[in-house]
Every structure is written in C-alpha cells, then in structure tokens.
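The structure under discussion appears below in the form of structure tokens.
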Amino acid sequence: MSASFEVVLLDSAGKPAAILDSHVWVALKYEPRLNDVGMCQFTIPMDDERNALIVKHSLVQINRYPEPDEEQDENTYIICYRKKYVDEQGFGWVIYGGFTLEFLLLQRHIDPRNDPLVAGGFSTKQGPADTV
C-alpha cells in the first residue's frame, strides 16, 4: 500500500482552513531539506473555491499518511508563486509554489556596523541561536 498525502491550508492563526487531498490536486511535489530551504509545488483546478483561500504568503502544511491511521507532518511552506494556465483540452489550472519557512531567514540583513560591543563587527557571543 502506498502513502497518501494532503495539503492543509492554514489561516492567519495557523489553524486548518481547508484540506486539499489527492482528489483535488492533480500534481504535488515537495522537497524537504535539513537546515536549508525546501520547496513545494501543487496544482489544483482553477474553478475550485479553495483558490480564494490561497494568496501570496499563505501558509500550507503537507501531511503524509504512510498508513491510514498514521499522520506525519512533512513541513510547512509559505506560498510565493501562483500561475494560472489553460491546458490543451480547455481546462483551467492554478500552480502554486512555496518554500519552507527557512526562506524567511534569507531575507534578513546583518549590519556589522551595528556593533554594541565594539568588537570590530564580529560576534563575540556563543550559544544556541534562539537565545543568542
């Protein structure tokens, strides 16, 4: 038996707003990475009412079910890309793409001139990143 997957659309509070299972999406691809930015991409019909819930910077969570009663949270992604298209048969589709939340860390800029310890722009602190 093969695993099944679902894409959970999260609201602004991080609670599930809607679920897209394999009956809704026609393609799902994701790439988890350890300590790096992963990506996801899924395609759903253009006429699906849940498209209204997915805007830029929406959060989605991909869940994997290796067994029907066993859920594994694969990762949470922030939607950064949306493309609508119509195929050769005239069916409308929307492709969504996103990145893991590590993507947000890439946007941070560090100004070494802002050095309250006057250590020449070098960090003189050590410890876990969440406390430093």
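Values below: every heavy atom of this structure, side chains too, minus hydrogens, waters and symmetry copies. Here the structure is a predicted model, which means the values were calculated and not measured. Along the sequence shown, residues are numbered consecutively beginning with 1.
The two residues Arg50 and Ala18 have their closest heavy-atom pair at CD-CB, 3.8 Å. Scanning both residues, Cys40 and Val60, for their nearest heavy atoms gives SG-CG2, 4.5 Å.
Applying the side-chain hydrogen bond (donor to acceptor under 3.5 Å, both in side chains) criterion to Asp87, with sequence neighbours excluded, gives Trp93. A search for side-chain hydrogen bond (donor to acceptor under 3.5 Å, both in side chains) contacts involving Tyr77 returns nothing, not counting sequence neighbours.
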Check your understanding: Taking it one step at a time, do Ile79 and Ile54 satisfy side chain to side chain contact (heavy atoms under 4.5 Å, CB included)?
Key -> CA-CA 8 Å; Ile79 299 298; Ile54 311 171; 4.1 Å; yes
Check your understanding: Which is it for Val94 and Thr43 under the side chain to side chain contact (heavy atoms under 4.5 Å, CB included) test, yes or no, and what are the steps along the way?
Key -> CA-CA 6 Å; Val94 183; Thr43 304; over 6 Å; no
**Study point:** side chain to side chain contact (heavy atoms under 4.5 Å, CB included) assessment of Ile62 paired with Asn75
**Key:** CA-CA 6 Å; Ile62 296 180; Asn75 219 326; over 6 Å; no
**Study point:** From CA spacing to verdict: side chain to side chain contact (heavy atoms under 4.5 Å, CB included), Arg33, Asn35
**Key:** CA-CA 6 Å; Arg33 290 194 171 175; Asn35 297 325; over 6 Å; no
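Under the 4.5 Å side-chain heavy-atom criterion for ILVMFWY residues, no single connected hydrophobic cluster contains both Phe91 and Met46. Under the 4.5 Å side-chain heavy-atom criterion for Ile, Leu, Val, Met, Phe, Trp and Tyr, Leu9 and Trp25 are members of the same hydrophobic cluster.
Other residues sharing a hydrophobic cluster with Val55 under the 4.5 Å side-chain heavy-atom criterion for ILVMFWY residues do not exist; the residue is a singleton.
Rounding to the nearest 0.5 Å places OG1 of Thr76 at 6.5 Å from CG of Leu10. Taking CG of Leu20 as the start and OH of Tyr96 as the end, the distance is 9.0 Å to the nearest 0.5 Å. Distance check, rounded to the nearest 0.5 Å: CG of Asp36 to CG of Leu106 gives 8.0 Å. Taking CG of Leu101 as the reference point, atom CD1 of Ile78 lies at 6.5 Å (rounded to 0.5 Å). Note: Ile95 CD1 to Lys84 NZ = 12.5 Å, rounded to the nearest 0.5 Å. From Phe103, atom CZ reaches atom SG of Cys80 across 4.5 Å, with rounding to the nearest 0.5 Å.
Remark: side-chain polar atoms of Asn51 are paired, donor with acceptor, to backbone N or O of Pro45 under 3.5 angstrom.
The 12-atom threshold is exceeded at OH of Tyr85, counting heavy atoms of other residues, nucleotides or ligands nearer than 6.0 Å. Atom NE2 of His57 has more than 12 heavy atoms from other residues, nucleotides or ligands within 6.0 Å.
There is no side-chain donor-acceptor pair under 3.5 Å between Tyr81 and Gln41.
Using a 4.0 Å cut-off between charged nitrogen and carboxylate oxygen, Glu31 and Lys29 do not count as a salt-bridge pair.
Between Arg64 and the choices Glu71, Glu74, Gln72, the side chain to side chain donor-acceptor pair (under 3.5 Å) rule is met once, by Gln72. Among Phe42, Tyr65, Tyr30, the single residue meeting the side chain to side chain contact (heavy atoms under 4.5 Å, CB included) criterion with Phe5 is Tyr30.
For the pair Val7 and Asn63, the minimum side-chain heavy-atom distance is 4.5 Å or more.
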